[in-house]
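Below: one structure, written as structure tokens.
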2 protein chains.
Amino acid sequence: MDCIKNRRTIRKYKETEVEASLLNELLEEAFRASTMGNMQLYSVVVTRSTEMKKKLAPAHFNQPMVMNAPIILTFCADFNRFSKWCRSRKAEPGYDNFLSFMNAVSDTLLVTQNFCTLAEDRGLGICYLGTTIYNSEQIIDVLHLPELVVPIATITVGYPDECPVQPDRLPLEGILHEESYHDYSEEDIDRIYTFKESLPENQNFIKINQKETLAQIFTDIRYKKEDNENISECLMMVLKRQGFDKKG
Amino acid sequence: MDCIKNRRTIRKYKETEVEASLLNELLEEAFRASTMGNMQLYSVVVTRSTEMKKKLAPAHFNQPMVMNAPIILTFCADFNRFSKWCRSRKAEPGYDNFLSFMNAVSDTLLVTQNFCTLAEDRGLGICYLGTTIYNSEQIIDVLHLPELVVPIATITVGYPDECPVQPDRLPLEGILHEESYHDYSEEDIDRIYTFKESLPENQNFIKINQKETLAQIFTDIRYKKEDNENISECLMMVLKRQGFDKKG
């Protein structure tokens, strides 16, 4: 399974098309992932047309991959299909709540990752766009997502036209906990983050952004408190709009 | 990549131990999954001891896999480590909000699915316990999870001692949408669910539960509206308790 070990995110793609038959095969295999009670609480919207890519691009902050990749896949948490099935079968669905949303999110992300692994194994490259939940309202409008459907993950897919270096990862001991969670001491944090902080590219980030530490790049530039709080509000509104806010 | 296509959930395991070196190798490879801004917003708690399994079992409704599997892995959304790093580097973290929780959930589930694929490829069997977010408060107490850490997925792991039949999946056309979401008509629902409803085991479920339709098994017995709403409230309380409820 070297495709996982050696993987890197691909942001530049060849113009070669991805055959519909290959895409369908990969998706069908991906749907073998574990799913809550075999409900398969997801839908996948495939974007190939330039027109739709243009509409989606702003939701992804116009990252160039959206226009340049042959395929964009939007993986959505979906309790609409299942609820419709219930209603047409004399059963009253009760899935318009936060727990059901989270169950659908789980199903969706497991399938997303399965798809990525399968695609990479077949020589495709993918980029995971973390922007999906940032601008979910726009995506809902563009893709016409009905109630009980929320976009969770977007993947750009195509044949790689670059081979970037693999990014660093924290040492295993920084993530693994034996039997119970061992909270991090100041020394633990120093040890776990030493390698990341020592990398020339990270040193350079600090310099060009005129910051004192790498962490400040995250808190002051990339993932700011104020932005996070504003988007949290928007995301809560989206759950309400899509009907996942029912209380007991 | 036949291990994904041919996979089945394994609930019965041989007594053979899973070597720590193998587990570590699989986890390290799994951590190659895409992660938001390379923040790696997860922790994994490994349970091997009988004592800890006993404590975890009730949170998973005493499903026998928890006691019988050699290893239980609890994958947690974790913004604690990252926030600690920020604080010790003169940076003020702003990740105690719902968006940050969802970002950590994404990171966590991508890694979880990567781990499952890698484990299955090496001959191990896994079972995904959907109960984790149902009783997250209990799990938080048992595993001593601090603020900004929430258990999201639990996997039991071991060498398979069974080979169950593969469960059905909906046809691809029921899940895939070209260019935009095409909502389901009554006829679509009939077509998509025909195969599932025709299966002898599902027919039998209806009979032994004295129900009229398969959907009623879900709405009236397995995933009830009232339970979903109560657990939604609990889950919201857990986000508050773990400090992910900060508003702007």
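Only a predicted model underlies this, so the values are computations on that prediction, with no experimental measurement involved. Chain naming here is simple, since letters A, B, ... match the order of the sequence lines and numbering starts at 1 in each. Any value given below was found using the heavy atoms of this structure, including those in side chains, with hydrogens, waters and symmetry copies removed.
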Partner chain B: residue of [options] with the largest heavy-atom pair count (under 4.5 Å):
| options | result |
| --- | --- |
| A/His144, A/Lys224, A/Lys211 | A/His144 |
| A/His182, A/Glu226, A/Lys196 | A/Lys196 |
| A/Leu170, A/Ile231, A/Leu145 | A/Leu170 |
| A/Asn97, A/Val142, A/Leu143, A/Thr112 | A/Asn97 |

Chain B contact via [X] - side chain, backbone, both or neither, heavy atoms under 4.5 Å:
| X | value |
| --- | --- |
| A/Ile126 | side chain |
| A/Gln216 | both |
| A/Phe218 | both |
| A/Lys53 | neither |
| A/Asn6 | neither |
| A/Leu23 | neither |
| A/Thr47 | both |
| A/Val149 | side chain |
| A/Cys3 | side chain |
| A/Glu197 | side chain |
| A/Asp78 | side chain |

Measure across [X] and [Y] and return the closest heavy-atom pair with its distance rounded to 0.1 Å.
| X | Y | answer |
| --- | --- | --- |
| A/Ser180 | B/Met52 | CB-CE, 4.4 Å |
| B/Thr9 | A/Ser34 | OG1-OG, 4.0 Å |
| B/Arg32 | A/Arg7 | O-NH1, 3.0 Å |
| A/Ala33 | B/Arg169 | O-NH2, 2.9 Å |
| A/Thr117 | B/Thr117 | CG2-CG2, 4.3 Å |
| B/Asn114 | A/Gln113 | OD1-NE2, 3.0 Å |

Worksheet entry | Distance-only polar pair, side chains of B/Tyr223 and A/Asn103, donor-acceptor under 3.5 Å |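 Distance-only check fails for B/Tyr223 and A/Asn103.
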Discussion item. Hydrogens and angles aside, do A/Thr219 and B/Glu92 bring a side-chain donor and acceptor to less than 3.5 Å of each other?
Written reply: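 Judged by distance alone, the side chains do not pair up.
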Worksheet item: When you check the gap from the basic side-chain N to the acidic O, do A/Lys246 and B/Glu229 get nearer than 4.0 Å?
Response: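 Salt bridge between A/Lys246 and B/Glu229, a charged N being under 4.0 Å from a carboxylate O: yes.
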Item to complete: Taking heavy atoms only and a threshold strictly under 4.5 Å, list by residue number the residues of residues 79-89 of chain A that touch chain B; give 'none' if the list is empty.
Response: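 Residues in range: A/Asn80, A/Arg81, A/Phe82, A/Lys84, A/Trp85, A/Cys86, A/Ser88, A/Arg89.
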Item to complete: Measure the shortest side-chain to side-chain distance between A/Val44 and B/His177 over non-hydrogen atoms and say whether it is less than 4.5 angstrom.
Response: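 Sidechains of B/His177 and A/Val44: no contact.
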